[in-house]
Peer 1: 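I am attaching a structure below and will ask some questions about it afterwards.
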Amino acid sequence: MLTDPAEIKIIQGAKQKNVRDPQRSRAHFESILSDFFQGVRLNGHYLDLGPGQYDFGELARLHGGTSMGVDFDPAVLELGRYKGFETLELNLKALPQAHFDQTFDGVWNKFALNAYWTGYNEDAQKEMANAINNLVVKEGWAWIAPWNGVPKSSDLNEGQLSEILEMQKTAFEDLGFQSTLLTVDQAKKYGVNGTVGNNIIFTKNLKPALSG
Ligand SMILES: C[S@@+](CC[C@H](N)C(=O)[O-])C[C@H]1O[C@@H](n2cnc3c(N)ncnc32)[C@H](O)[C@@H]1O
């Protein structure tokens with residue numbers, strides 16, 4: 001939730017309607033931390049892919065951590081700079097080709113990665129999962145909750161759409177990530193509900209303890 005008038009003004013220019021809403025609750029983020037991050041100290045340096053209103057970064061700050069936001073939306077980037085976060089302009093579709101001169105103690109992605117971006121392409125799924133994995137230090141964590149909504153322009157059939165989700169899952173699992181399929185109630189609790197092909201979360205070096 002944003003209360004600073006200057007922040008509210010900046011985020012009014014965001015591309016996505018839900019990101020523009022200053023009343024957006026941070027409760028989902030607190031539920032995620034309590035159900036996925038038990039025993040994890042958030043005092044490191046983290047990467048937030050698609051930071052929206054920087055709720056993860058703000059919570060990490062409370063624990064002494066720092067966070068860098070990566071986004072393609074100028075308003076989201078401006079909000080990050082105003083709030084004092086490091087930011088990087090990048091279309092996440094090009095993450096596998098991007099060069100980062102640092103690695104991170106954790107990578108967070110809440111609803112800003114889409115299995116269908118790469119079409120029916122197993123190698124591209126692996127490249128995306130690899131790129132994310134390579135950004136995390138060996139003992140670091142990853143919390144990846146894709147927004148697997150089917151693009152309006154898609155001409156893939158039902159079978160192919162399901163196979164793409166399976167390719168994404170296999171790509172992360174082959175790198176040692178754990179997959180957790182959420183129930184509808186859990187997806188609502190974590191703020192990742194909506195019209196999506198699946199509600200899956202990929203985690204690394206975390207011990208999910210979900211309820212509901
Ligand atoms: C649904 S919002 C989620 C925001 C935040 N993670 C949250 O949960 O509140 C998606 C975020 O990802 C960004 N985003 C979406 N597609 C992107 C892309 N292709 N490249 C970079 N950023 C993208 C949006 O600008 C927005 O900040």
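Whatever order the structure lists ligands and atoms in, that order sets their numbers, starting from 1. All of these numbers come straight from a predicted model, not from anything done at the bench.
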Peer 1: Return the set of residues passing ring pair (Phe, Tyr, Trp, His ring centres under 6.0 Å) with W141 (not counting sequence neighbours), or none when no residue passes.
Peer 2: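 Ring pair (Phe, Tyr, Trp, His ring centres under 6.0 Å) list for W141, sorted by chain: F37, Y46, F56.
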Peer 1: Between CD1 of I144 and CD1 of I201, what distance do you get to the nearest 0.5 Å?
Peer 2: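 So the gap between those two atoms works out to 10.0 Å.
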Peer 1: Can you name the side chain to side chain contact (heavy atoms under 4.5 Å, CB included) partners of D21, sequence neighbours left out?
Peer 2: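 For D21 the side chain to side chain contact (heavy atoms under 4.5 Å, CB included) partners, ignoring immediate neighbours, are Q23.
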Peer 1: Determine whether the side chains of D4 and Y82 contain a donor N or O and an acceptor N or O closer than 3.5 Å.
Peer 2: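 There is such a pair (donor and acceptor under 3.5 Å, judged by atom type) between the side chains of D4 and Y82.
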Peer 1: Could you name the protein residues that come within less than 4.0 Å of ligand 1, counting only heavy atoms, and order them by chain and residue number?
Peer 2: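 Lining ligand 1 at under 4.0 Å, by heavy atoms, one finds Q16, N18, V19, R24, F29, G50, P51, G52, D71, F72, D73, V76, L90, N91, L92, K110, F111, A112, W117.
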Peer 1: Taking only residues two or more places apart in sequence or in another chain, which ones pass ring pair (Phe, Tyr, Trp, His ring centres under 6.0 Å) with F202?
Peer 2: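 Applying ring pair (Phe, Tyr, Trp, His ring centres under 6.0 Å) to F202 gives F172.
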Peer 1: Take K189 and D35 through the salt bridge (Lys or Arg N to Asp or Glu O under 4.0 Å) test and state the conclusion after the steps.
Peer 2: CA-CA 10 Å; K189 181 179 181 188; D35 290 2; 2.8 Å; yes
